[in-house]
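One-based numbering, in listed order, for ligands and for the atoms of each. The figures here come from the full heavy-atom set of this structure, side chains too, leaving out hydrogens, waters and symmetry mates.
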Amino acid sequence: MEKEISIGLLGLGVVGSGVIQIINDHQKELQHQLGHSIKVAKVLVRDIEKSREIEIAEDALTTNPDDVINNDNIDVIVEVMGGIDEAREHMLKAFAAKKHIVTANKDLIALHGPELEQAAQENGCDLFYEASVGGGIPLLRSLSDGLVSDRIEQVMGIVNGTTNYILTKMDEDGQSYEDALADAQKLGFAEANPTADVEGLDAARKMVILARLSFLTNVELDDVDVKGISDLSIIDLDYGKKLDLTMKLIGFANRHDNQVEVSVQPTFLPTTHPLSSVKNEYNAVYVNAEAVGETMFYGAGAGGLPTATAIMSDVVEVIKNKLLGVNGKQLIKPSFKKELTPPENKISQFYLRLHVKDEIGAFASISELFNQRGISFERILQTPKDNSDLAEVVVVTHQTSLQNFTDALKLLDELNVVKAVKSYFRVEGGA
Ligand code: NAP
Ligand code: HSE
């Protein structure tokens, strides 16, 4: 094997620039580990004329994908251009040309992971995507290798840096949603179209990848219940403070008796819960497995250098496989048939905010309705609303099923004293 290994990049934005910076800054360490230096031979971009913060030889840039994909000097391609259809086409062509691929593209892996893994395997190529979930946190390899002998039961965490940044700034600095989002975009955490971040889609795609690796079954995006943070009200964040609860966008994946539940939704956690202290763009993921118990993975969930660190760990893995002659092993081995958890088996506490008539017996009738569904209250707050005959009522229920809770919500609609159901959220972590 040659002493210099050439790699190609598809994309030179936030993450691609981070990859080049790491290769430049840590070349000695890489060479020491591998006995080979790494050189970036060719980089696909959209616009060659664009001014770039990273230094790169002008003749290394190209707008022709073939200069990377069908380049005889390149064995390993790093896909950091993002998007779905074009990136998928490039990858399939690259496998056909016997190139190994490392990607940070969770959108593509969540939607087309199994197809791409098959194409990689058929061509004797590696496909790695450590950077696709949790930015710089070494997470996927920990799940698929570190916990390989265990049975993972639950994965719960903060897997989107942008929304965690926004929630932190709204909650702690009183910043508006719009200003916090604009800052996250400037800092390079947000996706090109930040709708995917704030509507929970980015986190849902990551949870698909985590659930597949954890439960060894082919979870798909349609299996995930998704709700984002774009219509969160500061009123609920303030009630959360009064109740010692912190709002986080939580990805949740659970397997029980072969039933799988995956969701992404704004969720209240006790302020003492370790995930509550995960701030700004940081991510953290709790993994609960039968033998090992709880483990937690924490670190920078987005940003150029952290994400590039995960990419380079995959690049090194590909090169090591090449040195050992074992490229092309399959990462996912679906081993059981997927069965989705029905609502009667989805158990949690709930936070509920209502506007009710401020009159004698109003709360008693609400309480009676919940009792009928077997739901009891753990916390209750009632505040008269200024200049009106309404009161704002906030309750936190004890544990119940999603089925019971949604049935109770339907019945509330018919209750004369209830003027509006303003919001409700899952509460996890034992309020
Ligand atoms: P970005 O800053 O928008 O960079 C995208 C790069 O790809 C740019 O260099 C762009 O070229 C190039 N590109 C895009 N479409 C292209 C096309 N059709 N043809 C040729 N070149 C094209 O994106 P990023 O933040 O680096 O993210 C890249 C990937 O990493 C995405 O899949 C993202 O989801 C994932 N990711 C990002 C982060 C993060 O913190 N940013 C973390 C984890 C994973 P020009 O420079 O010429 O415009
Ligand atoms: N937009 C993503 C986030 C980038 O904010 O988490 C990292 O995947």
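Among the atoms of Gly11, none of the N or O lies under 3.5 angstrom from an N or O of ligand 1. At a 3.5 angstrom cut-off on N or O pairs, Phe189 counts as close to ligand 2. Of the polar atoms of Phe189, none of the N or O atoms is found under 3.5 Å from an N or O of ligand 1, judged by distance alone. Residue Ser132 has no N or O atom closer than 3.5 Å to an N or O atom of ligand 2.
Ring pair Tyr282/Tyr298: centre-to-centre distance below 6.0 Å. Between Tyr424 and Tyr351, the distance from one ring center to the other does not fall under 6.0 angstrom. Annotation: His273 is in aromatic contact with Tyr286 [ring centroid separation under 6.0 Å].
At least one donor-acceptor pair closer than 3.5 Å links the side chain of Asp197 to the backbone N or O of Glu191.
Counting the atoms of ligand 2 from 1 in the order shown, those under 4.0 Å from a heavy atom of Asn160 are 2 (C), 3 (C), 5 (O), 6 (O). The distance from ligand 2 to the heavy atoms of Lys206 drops below 4.0 Å at these ligand atoms: 2 (C), 3 (C), 6 (O), 7 (C), 8 (O). Taking every non-hydrogen atom of Gly82 and a distance limit under 4.0 Å, the qualifying atoms of ligand 1 come out as 31 (C), 32 (O). Under a 4.0 Å criterion applied to the non-hydrogen atoms of Gly188, ligand 1 contributes the atoms 39 (C), 40 (O), 41 (N). Near Asp197, with a cut-off below 4.0 Å to any heavy atom, the atoms of ligand 2 are 1 (N), 2 (C), 3 (C), 5 (O). Proximity to Gly301 (heavy-atom distance under 4.0 Å) selects the following atoms of ligand 2: 7 (C). Of all atoms in ligand 2, listed by their number and element, those nearer than 4.0 Å to a heavy atom of Gly161 are 3 (C), 5 (O), 6 (O). Set against the non-hydrogen atoms of Leu44, the atoms of ligand 1 under 4.0 Å away are 20 (C). Here is the list of ligand 2 atoms found below 4.0 Å of a heavy atom in Ala302: 4 (C), 7 (C). The ligand atoms of ligand 1 that sit less than 4.0 angstrom from a heavy atom of Val80 are 5 (C), 6 (C), 7 (O), 28 (C). Each of the following atoms of ligand 1 lies closer than 4.0 Å to a heavy atom of Val45: 11 (O), 20 (C), 21 (N), 47 (O). The ligand atoms of ligand 1 that sit less than 4.0 angstrom from a heavy atom of Ala302 are 40 (O). Near Asp47, the atoms of ligand 1 lying under 4.0 angstrom from a non-hydrogen atom of the residue are 47 (O). The contact set between ligand 1 and Glu191, taken as ligand atoms under 4.0 Å from a residue heavy atom, comprises 33 (C), 34 (O).
At a 4.0 Å heavy-atom cut-off, ligand 1 touches Ala131 through the backbone alone. The proximity of Thr307 to ligand 1, defined as any non-hydrogen pair under 4.0 Å, is limited to the side chain.
Among protein heavy atoms, atom 48 (O) of ligand 1 sits closest to Lys50 NZ, 2.8 Å. Atom 5 (O) of ligand 2 has as its closest protein heavy atom Thr162 OG1, 2.6 Å. If you check which protein heavy atom lies closest to atom 10 (C) of ligand 1, you get Arg46 NH2, 3.8 Å. Nearest non-hydrogen protein atom to atom 25 (O) of ligand 1 is Val14 CB, 3.6 Å.
In this structure, atom 7 (O) of ligand 1 has protein heavy atoms in its sub-4.0 angstrom surroundings.
Scanning Gln185, Glu191, Lys106 for the heavy atom closest to atom 8 (O) of ligand 2 points to Lys106.
Val395 has its side chain out of reach of Arg379: every pair of non-hydrogen atoms, C-beta onward, lies at least 4.5 Å apart.
Taking the ring axis of Phe405 as reference, the NZ or CZ atom of Arg426 does not stay both within 45° of it and closer than 6.0 Å to the ring centre.
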